[in-house]
Structures are given as structure tokens and as C-alpha cells.
Amino acid sequence: MASSFGVIRAGLLGAALCAGLVAGPQLAKAEDTFKFGGVFTLSGPASFLGLFEEAAVRLAVEQFMKGDCIVEAVPPQPCEGGGLKIGDKVIPIEWTAYDDVSEDKKSIDAVIRLVEQDEARAIWGPRMNSALLSAASILDPQGIISICAICSSPAMTVGRKYGHDITDTGVIEKHGMGEFIHETPERLAEHGIDPALFDGRKKLGFIGRNELYTVHGSIGWQEAVEKGGGRYEYQHDWAVLYPFGTTDFAPHVAKLAEQDPDIVLMDAYIFPDMLAIMNEMKKQGLNYETGEIILLGNDVLMLQIFVDVAKDQGINMSSGYVWGWQEHNPAQDEATLARVEKYVPIYNAKYGDTEVGNSSPFDRGAYDAAIWFLYGVQASGDHTDNDKIVEAWRNLKINGLRGPTNEFFTRPDTGEKTGQLFATEYIIGVADEKVFYTGISYRDELFYGPYVYGDKLPK
Amino acid sequence: MTLLPAHRISLRDRRTRAVIGWLVLLAFLGILWAVVDNNYHLRLLVGAGTAMIAVIPFGLLMGHMGYLAMGQGGFVGVGAYVVGVLTVQQFEFDFWAALPCAIIITSALAYLLSYPLFRLRGYHFAIGTLAVGQLLYIMFDSWEWFTGGPHGTAGIPRPALGDYAFVTNQRFLIVVLFFLVIAAFASWWLARGHVGRALSAIRQDEDLAAARGLDVFRYKQLVFVFAAGFAGLSGALYASMQIAIDPSSFTIWSSFQYVIYVIIGGSGTLLGPAIGVVFLVVLDQFIQDFGKWNQIVLGGLIVVTVLFFRGGLWGGANLLWHFALESVGIRQIVAQALGAATRGK
Amino acid sequence: MLEIDDLTLAYGVNRVVRGFNLSVDQGEVCALLGPNGAGKTSILRAISGLMRPLAGQINFEGKSLIRRAPDRIVLDGIAHVPEGRRIFPEMSVLDNLLVGASVHIRERTKTRELIERNYAMFPILKERARQAGGTLSGGEQQQLTIARGLMAQPRLLMVDEPTLGLAPAIINTLADTFRALKSLGLTIIVAEQNAEFALRVADNGTVISGGEVSFSGTVDALRDSERLRRAYLGA
Amino acid sequence: MTAFAQQLIYGASYGMNLAVAAAGLALIFGVYRVINLAHGQLIMLGGFVAYVVATQLGTHFFVGFFAAMIVMGLLSIVLENAVFRFLQRRPLTDQLLASLGLYMVLGTTALRIWGDFEARPIAMPGEDWALTAGEIRIDGARLVTIAITLVLFASLYFVVYRTHLGRTMRATAQGEETAALMGIKKRRVAAIVFFLGGALGGAAGAMLGALFNVRPDMGFQPLLMALVIIIFGGMGSIAGSIVAGLILGILYNLTVFYVGSKLGDLVPFLVLLAILMIRPQGLFGLPDRNA
């Protein structure tokens, strides 16, 4: 009698738990669809980097299904609606995205969920830098294409056949700025910049949050300096890397000031951090308003919205000593502008009133990349073969919202094609509280930092 | 040594219920292992099993002994990094060779730390362990030459026996379940008899226990090292499961996670923490639908559990069972149903 | 003044007091006698509202004290001096006294008068006014707890085990104190193990053993009673 | 030497802010014997209240500052009534966990309401001037927060040691039941203590927010540091909070400056462990009666 109770109870408990575990959200299995998944930071401290990206990729998929693609490919690709045109068939695209809640662990779980439950053939993300290695080791053996549009790590691409990083890495950006500080006075003058800007500047500094993006940034900065042949001094050891959650930046900036740098590269992308650092720099004699130092930064520093916010906090970036870069050419040609004008209202109508917000250069880049990838799949002629997709995608160029003819990058030292999507970097300055394009841009000068991992991921 | 003497088998007996609960849980995991073919669900199971290996022994420290340690994630991290460093970088150890190292190093660390830490009690102990956890995290993050720093360490192998490699989740789950049974059995073995009584005496009134001649420190040290050793084992399996590890998996929040498992499941029992893991892993799948609000759901759940379900889920289940047994009506209904079923045969 | 009927007290399922009755008249000093664990402290705690009775009635000046909060009961005029000389050790003697006057702290002149009266009755407290309570000697601490109880200006003062751990000379002083308080017209309940002390200061006595009343009567009757001795020895 | 002195000053200023954050935690622990992890989010929410009132409604910094104190004080009372009062006789694990649950709920709510990308400045007096002595400079805004801190601590000291309210609080801390026998209303003391604790958290948030911008994750580091401070200074000791806050703030700055920018937390936590070993009751604390 007593044991019967146990059996019933065991059965009930088991059934309940089974039901719980197995009844998790599942997608219906449809045979002929192209399964495309994404892992984004949609909540938590870094959600601002994920919301617009997810929105843009989702928009790209929707536009593709509608047959209303904005970006054009070279050679031309059809965009007929209903999905990918593969041979005679039209293959619908199935898009699934998960939120990693700003946690690396969650983002790995999401990657596995996409691969093993949703059977995705290509995965967008994760962005979390420290999750990349884990994701790579899960995705690569299965030949799953992985794409990241705002990643920062060469770990996304180096030695990885299926890994594709679209433009933005901690290392490569620093090569862009590295080129800029080595410019000749003539070229500076030619573009309306004070030719004496870099005269007598010798020591470089670096400040950023302690994370992979910044660590790579600092390594890239050292590479750029070495490439310049000794005109400047910088060591990776000098980098000031403040920990997560830092509230008072005074000691960190003091450490930077102690090194007495002539040029400081601020590698941060979170407004409150950046403002706190910039305020503190002014107070501690690293004044970029008076030319005490030159402040260099990344694309976030060169956002008009940031310049406006900084102005509200009493920071004047218009002094001629603050420079940064963007991938997005502010002085676009007419064809590109026409595409932007078509795209922006669609995006804004869809997301403008939500927490995603209105269109910016970032979502345009992500949209470009997503459409480009889908064209690549279509051009391969076989959406089930990732090798063919990669091959076809790498031979496709696009005329995107960011500018014409984006393409994959070839490493100058080996001539080998890597997974790095090439996009030109444009040097940006601020004058009269508005960001402006200097006319200086870099393309072939940017190259991979082979020093981070050599040619393969760490084993 | 029998799990249950025959005369004690009664559903009113706590121990009987615990044994049944364990058998159900293990049978449940075993059945899932056999029937689940969705790799993602298998992976959730692997994750849950790995967490249980750390949580059940940790429950002895937290529930049975009443010492709240808020740095357990650090010990799991040590286990993971020992395996990570030994199997990957310069050393290229086999997983099976690295695993005991992980356990030994973690236990040794806990042994050393137990001397200073157990001079503390209550909140002081909690915050002392928090400090240890935070220091370990800083170490993982800043000893780049050893741990890879923010890069982490990648390419950790999954174990193999001869030609049989536990590479798939289903195979790896065998390894995890094996160690889970060891962890559960060892904890049960430790919690019974004099150690269990000593722990309970320490929880109720440590000074009194010491005054009665109990070597309180030795017992505390034993349980602390025991919990840390299994945390190291769990970390080693975690590293192998994840293939790549980095410091962000071993922050203060990961330490809190272990505490949450124990409390939600039911502290003071061995089964409770294990149930807590299963429940939270399943719940996590559902509250993903709450999207950005899921932390609120989890936080609210913790508050409600602490306020209203003092024994956690397992305590609540026992209470329900108790009411069911005490309520004559239900008993009759069940008895009739069973009678009908037997007659049917 | 205080009427207790059929009081039953329990900790969990453990009944410590059963069917206890007590009647205390105005101006009387009543001793609760009994060995350790007899339930004396529980009865005092029930009167002052720290413990909720399982059954029974407690009436003070015609008002029921059942389910009344401790702070209301203090306001009603009952002060409870707990056992073990629970002063506030890190607070000064003066602060200890002022805390005792919490229920009427706004009436400054009254508080000041009460303090002066206490200082007159316990001169040592005046000397030690700025000293931390924890630094006083045992006898001084007991004086402080009684003085602190008086600060609430009670009509009924309940003192729990005042002589515990005190030297005989100090117990003598304490007995004088009780007589002085009685002469002021205060009603007092004193719970004691020390029968000799209780018989010296009290008018009436009630002996409790095992949670029940085993004897009740005047001190004189009590003194001759075999039962008192038996209650202690037999417990 | 100048650099060292400068770091001392920065550290002292940051330490004073942390001391205010810790004092609230210490006060609640001292009287009520609960370590309230949700205090970290009260600090953060205090910053947001100050931001909404001072910046968005366009009032003076001090209006926002007092609003933060009052709103967080009230929220703290609500938390006491809804959660902590039920946990008073429960093991510390339960108390800590409940407060952790509250931490998650409050933190996520704030994140959902305000998001985390924007910079939220609060204009504060002293922002645009500084005292300089040779190479050493002291920002006006930091001086203002130091002044506020001193005023807050003086008021707190006055309330606790010079008023009857403070007397009842101390009495409750030293013997809750005995205090009840003196006619002290336990619930009222709890409400006041939680109000003061929450208000101090709100004040810390308003000051940190004004100095360094308001953000949803701003409560975490101050909470960690406050935990270290209350252990260091002695659980429940107000004087201990300010001394330990100063020492911790200075140590943090010196570590960053001389040891390494990544290792800011290293020395404070090492010192914490050392203190726990040598003098578990902290600098000013009496031996823990509760544990």
C-alpha cells in the first residue's frame, strides 16, 4: 500500500517535470526554410548595442520577404519577395533571435539553443566579446556561419572559415587612428587640418573599460604605433583599464595623466563613462579643449548626439583637438543618399516610437550587412551548403547605405581572404559643435592585427 | 549499510520521502537522458546536472550547518580554470588527469582558507566568503599569463574513455550523472550519523556544541572543504561542457546563484537544492518569454519563497503531502482508487 | 487592582503555566515564589504583554490586558523590571533612565522631577550619571533597572529576580528600597527564588511549582508553611 | 609626493560618499540586525529621483537631493513593512536572500523605466570651480559633497546621541524586548530606522549621481564597498562608517594609481579579509551579538 503511494507520486512528479522541460518553446519543423538566428543584448547594461542591431537585421529579413530590399549587390541579385530565390524555388527565411541579458553565459546558452533546437544554419552574434571564443568553439566544428556586425575581436574571424566580422573590431579601428596620427603635414593641410597638429607629440595614452574589446584595442594601438616606425611611443602595459562598475574615474584619469601623454585614445562606448572621463581629463590637465593633448576616440565619440550631450555637460569638442573615425561616410554620394532617404523613414516608422529609437549609422550598417549576407546565400544557389554560401558571399560586393562596394578584406601580408568585411574608415572631426568629414579616409591601410592570436585561435 | 531499514518504510517518515524523492529525481534524469533527443534540452540537463554537483554538497554547508557562503562561484571557477589551463595551454593534460587536479587544488585552497574564514560567523562569514569570491574573480580576470584574462581559455576537451569520447551532450550527460550520483551519495553519507548531528548542533547553537566538547572547527572545515571539492569538480565539468571559459562566468552573481538554488529548493535537505536547480533551469526557459522582465520574476520569486515557503519547494511538497495524508477524505479516495485498481487486476 | 484568572501560558505545545489565579490589591507587595523554571517569569511577561496567553484573563484596574501591546501596558501604569538586570550597557545611566520615561518624555518637568526623585532614592546613580550602564557593578545595575522602571511612573511595579547573583549586603539595601517603595504607596509584584528575601519584603505570597499554584496566602502563613519548603525541595 | 597627496584627496572625497552609503546600511543593521542588499538599488534610485526632480523638473540640486532622501526613506519603510518585518527572527540567509531578491526587482524595474544609454547629469553647486594649492586641486563639487557628508553625519550623530528618538533607537539596538518594556513602540522605531537608512542611501545616490552622472548600474560598486565598510568600521557603528569609508576610498584610489587600474577592488577586499582575521568586530564595533 505504502509503496503504491510512492509510485503514483513518482509518476506525477516525473510527468510534471518532464512536461515542464520538454514543453519549452519550440519551433515547428518546416523542411524548406532558411533558418537564420541571432543572439543580441536586448536588456541589461549593454542593451543599447543590441536593440538597434536586432531591429535592423529583422527589418532586413522582412524586407527580403516582401521583396523590397534597399541595398544593391554587384553583380545584381534578385529581391523578389517570399524569401531567397534559389534555383526555381523561393525559400522563406525563418528568423529567431534571443536576448543574452548582457550575460556571457546566457549568450552561449542562446547560441546552443539556436544551433541545437532551432537548427539555425547561420547565427548573428553574440556580440559579448568574452562569449565569442565559446561560441566559436561550438559553431566552427558544425560549419555554422557566424556573423557579427559590432564585434570587436579578431577572434570572430582569424582562423575561422565561417566567422565573419563586419567592420568593427577593437584592433582595426586603432589602425585607422594610427594611420591618422602618422599623416604628413601636407596631407593634413590639404584637408583643412592644422598641419602642426601632431608636431612635437610623442607619448601616447590609452584609457578604456577592462574588457576584451579594449584589451584588443590597446594591442591594436601598439601595433599601429610600431607600424609607424618609432615616431610615437606606446606600450600595451600603459593602458589604463578601469573595471566594470567604476563610479569615480578620478584615480584612473590620474594614472593616465601621470604618464604625461601628448595624445590620448579613449576607447569607451558608454556615454556616462565617456563623459565622466572627459570631465575628469579636463580637470586633471589633460585638456583637449586647449590643445594640451589631442583626444582621439572611436565612432561613438564622433556621434552628433554625443557631441550634443557633451555640450550639455560643459564639454566643448569643437576645439580641433578631438578626432575620431566612422565607417559611415558623412559626405555620401547621391546614390547612397537616395538609399538612405528611402531606408530611414521605413526604419523610423517601425521602431521610432519603441525603445529601439530612430535610425543611426549603426543600424544602417547592420541592415547593409544582413541584406548582403542574404544576397550571398541567394547567390550560392544552395542554401543548405554553408561552404558554397561563404564562397558566394565573399565574391559579392554591395552598394550599401554606408557607402558603395563593401567587400571582404584581404590580408596584405598573405593575400588570404579573411572574414573581415571591408568598409572604409573616415576621419571625423568636430567644428562648431557639429561633426564633419575631413575628407581623409583609409581602406587598404587598415589590416589585421596578426599579433593578437597569430593565425589561429588559442588552443 | 542500507539506505532504509525495512521497519522505517512509511510515507510519514521524512527519510522515506527523501529516498523516494531521490530515486524519482535520478530516475527522472535517467529517463530524460534516454528519451530527450533535442540537443538543446540535453544541454540544459548537462548544465543542471553540473550545477547540482556543486549545489548538493554546498547545501550541507548552507542548510545543514547554517553557514552562508557567498563566494562559491569562485571555487567553481578555480576548478574550471585548473582544467582549462592544464588541458589547453602549455600542459595538454588529458581531461581525466586534470579532473583530480581540479578537485585537489580547490579542496586545498578551501582547506587553507578555512583557517581564517572560520574565525568568522554569521554575516561576517558571509561577507568574508564574498571577499574571497571577489578576489578569485579578480585573479581570473587579471592573471592574463595564466587564465587568459578577459580572453578566457578556449578549446577545453570533453573526456573520453578509450575510444569512447563523451563528445555529444547525450554522452557527456553520462559523465555528469555519474558524478552527480557520487556527489549525492557522498553528501548523504556525510550528512547521516555523527557528522549530520554535529552540523545540526552547530546550526542550532555553536557555542553550546563547543562547550559540550564537540570539535566544532574540524566539522566546519570538513564540510567547507567537501563543498569546495565538489565545486571544483562541478567547475571542471562546466569547463568541459562550455569548451571555453572566461571570468564572467564566475562573478559574484554566479555565487549568488548557488545560494538561490538552495533556498528555492529547500535548505537543510539534500534533495531540496537539487530540486531548486531543476526548477530554476526549467523556469528560466519559461521566463525568457517575459523578456526584459525576467529578472523581476526571479527576484520576486526569491522574495516570495523566503517569505512564505520556509522549506522551499521540497519543504512545500512535504507539507502538501503531510496534509494529504492527514486529511481523511483524500486518504479514502486514494485508498478506494488503489483498491479499485488492484481489483481490476 | 490586578486580577488574573485561569491563566494558561505555553511555548509552542509546551505549557509552562496552567490555570494560574492571582489577585493583587492596591498598595500591596506580592511575592511570586518558586524554583527556577516554575513559570514566574512567563507570568510577568504575560502581564506586560510580551507573551500572549493561551487562555485566561488578566485585568488591571478593571481593563483587560489581553492582546494589548507592551507599550500600551506601560502607559496603563505597569512597569516590568526584567530579570538579569537588562540595562542598556552602551548607554549612560542618565540615558537609561530617560529611556524608561519614554511614555511621557515630552513632559519635561515631570521627567526631571522623576529623575531627581530617583537620584534621591539611589544616590549612586547620580554619581554615575554619565557613565555607561555596562560599567556599573551588579548591585548598581539592579538599582538602575528599578529606577528605570520607576521612570514610567507606574502604579504597579513588577520586579523579576532582583537578588539574583547579588551579595548579601546589597540584598539588604535592596530590601530597604522595596520598603521605601511600598511606603510611597506603590503596588509591587516581586518574583523570587530567594524565599528569605521575598518574605522580608512582601505582604502576601503565591508559591508556584510546575506551572501551578501550590500555595497562596499571607507572608506570615507562608513562613510557617511546610508547603513552601516542599515546593522548593519537591520541584 | 604631490601625486600621492592628490590621490589622498580624491580617495577621501570618494570615501566620504561611500561612507554615507554605508551609514544607512550600518544604521539598519545596528538597530534591526538586517543587512539589506537592496540598499544598493536605493542608492541608484536615489540618484534617479534627484535627476528627475533637479534636472528634468529644473529645480535646484538641493531640492532633488532632499527629494531623493525623502522618497528613498519612504520606499525603505515600504520594504520594511512588506518584507523585512516578517524575517526578523529568521536566519540571516533568509534575510540576505530576500534583500537580494529585492535588489533584482528594483534594479530591473529601474532599467526598464530609464534604460541605460543616456547620460543623466545633475547640475550641482561647485561644479565650475576648484581650490588649488600648487599642483594639488580639490574640485568644488567634491568639496560640496564633503560638506554635505559632514552635515549628514553631524545630523545623524545628533539624532542618534542627542535626541530621545535616538535614545529609543539605541535602546532597541541593545535590547529589543527590554526596550518594549520601556513603552518604546517597536514598529515605530523600525519605521524610523528604515526611513533614515533609506534616506542616507538616497543622499549617497544623489551625490554620486551629481558627481559622476546617474546610471542604472551605479548602485553596485557602492554597495560592495559599503559592505566592506560596515565590516571594517564595525557592524552598526556610525562613527566606524565614516572612518572606514575614508580609509577604503583612499585605499581604492592608491591601488588604482600605484598598483594597477584593473585592480581597484583588490586591496579593499584584501584589507577586508585581513581585518576580519585580526579584529572581526571591526574598528569601532563591539563583538557581534547576533551571529
Side-chain angles (χ1 to χ4, degrees), chain A residues 41 43-49 51-52 101-102 206-211 214-215 237-258 269-280 283-285 300 305-306 308-310 312-315 355-357, chain D residues 3 6-7 9-11 13-15 17-18 21 43 47 55 107-108 111-112 115-121 123 127-128 130 135 137-139 141-142 208-209 211-225 249-250 252-266:
Chain A
T41 304
S43 55
S47 61
F48 70 93
L49 282 170
L51 287 168
F52 70 82
V101 207
S102 300
F206 184 96
I207 185 167
R209 194 164 71 166
N210 182 27
E211 57 177 316
T214 320
V215 171
D237 299 349
W238 300 351
V240 174
L241 304 174
Y242 58 88
F244 282 80
T246 295
T247 315
D248 186 354
F249 286 89
H252 300 283
V253 173
K255 195 169 167 63
L256 185 69
E258 183 73 3
Y269 50 82
I270 295 178
F271 280 16
D273 286 8
M274 294 158 69
L275 292 167
I277 293 168
M278 289 170 76
N279 266 321
E280 205 58 51
K283 287 177 188 163
Q284 299 198 19
V300 180
I305 170 182
F306 180 75
D308 295 342
V309 168
D312 287 347
Q313 298 217 6
I315 294 170
E355 61 185 328
V356 175
Chain D
Q6 182 69 64
Q7 288 314 306
I9 291 167
Y10 283 137
S13 132
Y14 186 43
N17 289 321
L18 295 177
I43 295 170
T55 305
T108 317
L111 203 59
R112 293 312 353 135
D116 49 10
F117 191 31
E118 284 172 57
R120 298 188 181 79
E127 255 177 353
D128 37 15
E135 294 275 292
R137 58 169 284 136
I138 311 170
D139 299 328
R142 285 180 191 258
L208 287 169
L211 283 178
F212 311 117
N213 271 326
V214 179
R215 49 203 292 184
D217 58 353
M218 66 186 279
F220 186 65
Q221 199 189 31
L223 174 69
L224 274 191
M225 294 298 244
I250 289 168
Y252 177 83
N253 276 258
L254 293 179
T255 314
V256 167
F257 194 75
Y258 289 107
V259 184
S261 48
K262 289 191 253 179
L263 301 175
D265 289 345
L266 186 72

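In this text the structure is predicted, and so the values were computed from the model without any measurement.
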Does the [X] side chain pair with the main chain of [Y], one donor and one acceptor, at a distance under 3.5 Å?
{"X": "D:D139", "Y": "D:A141", "result": "no"}
{"X": "A:E280", "Y": "A:F249", "result": "no"}
{"X": "D:Q7", "Y": "D:L254", "result": "no"}

Donor on one side chain, acceptor on other, A:Y242 and A:D273, under 3.5 Å: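 A:Y242 vs A:D273: donor-acceptor pair found between side chains.
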Would you mind checking which part of [X] comes under 4.5 Å of any heavy atom in chain D, side chain (CB onward), backbone (N, CA, C, O), both or neither?
{"X": "A:N210", "answer": "side chain"}
{"X": "A:D312", "answer": "neither"}
{"X": "A:A239", "answer": "backbone"}
{"X": "A:V240", "answer": "both"}

Between [X] and chain A, with a heavy-atom cut-off of 4.5 Å, which part of the residue counts as in contact: side chain, backbone, both or neither?
{"X": "D:L208", "answer": "side chain"}
{"X": "D:D128", "answer": "neither"}
{"X": "D:F220", "answer": "neither"}

Results of ring pair (Phe, Tyr, Trp, His ring centres under 6.0 Å) for A:F52 - residues two or more places apart only: A:F362
When D:P121, D:S13, D:G264 are compared by non-hydrogen pairs under 4.5 Å with chain A, the top option: D:P121
Test side chain to side chain contact (heavy atoms under 4.5 Å, CB included) applied to D:I138 - qualifying residues, sequence neighbours left out: D:I9, D:L131, D:L143
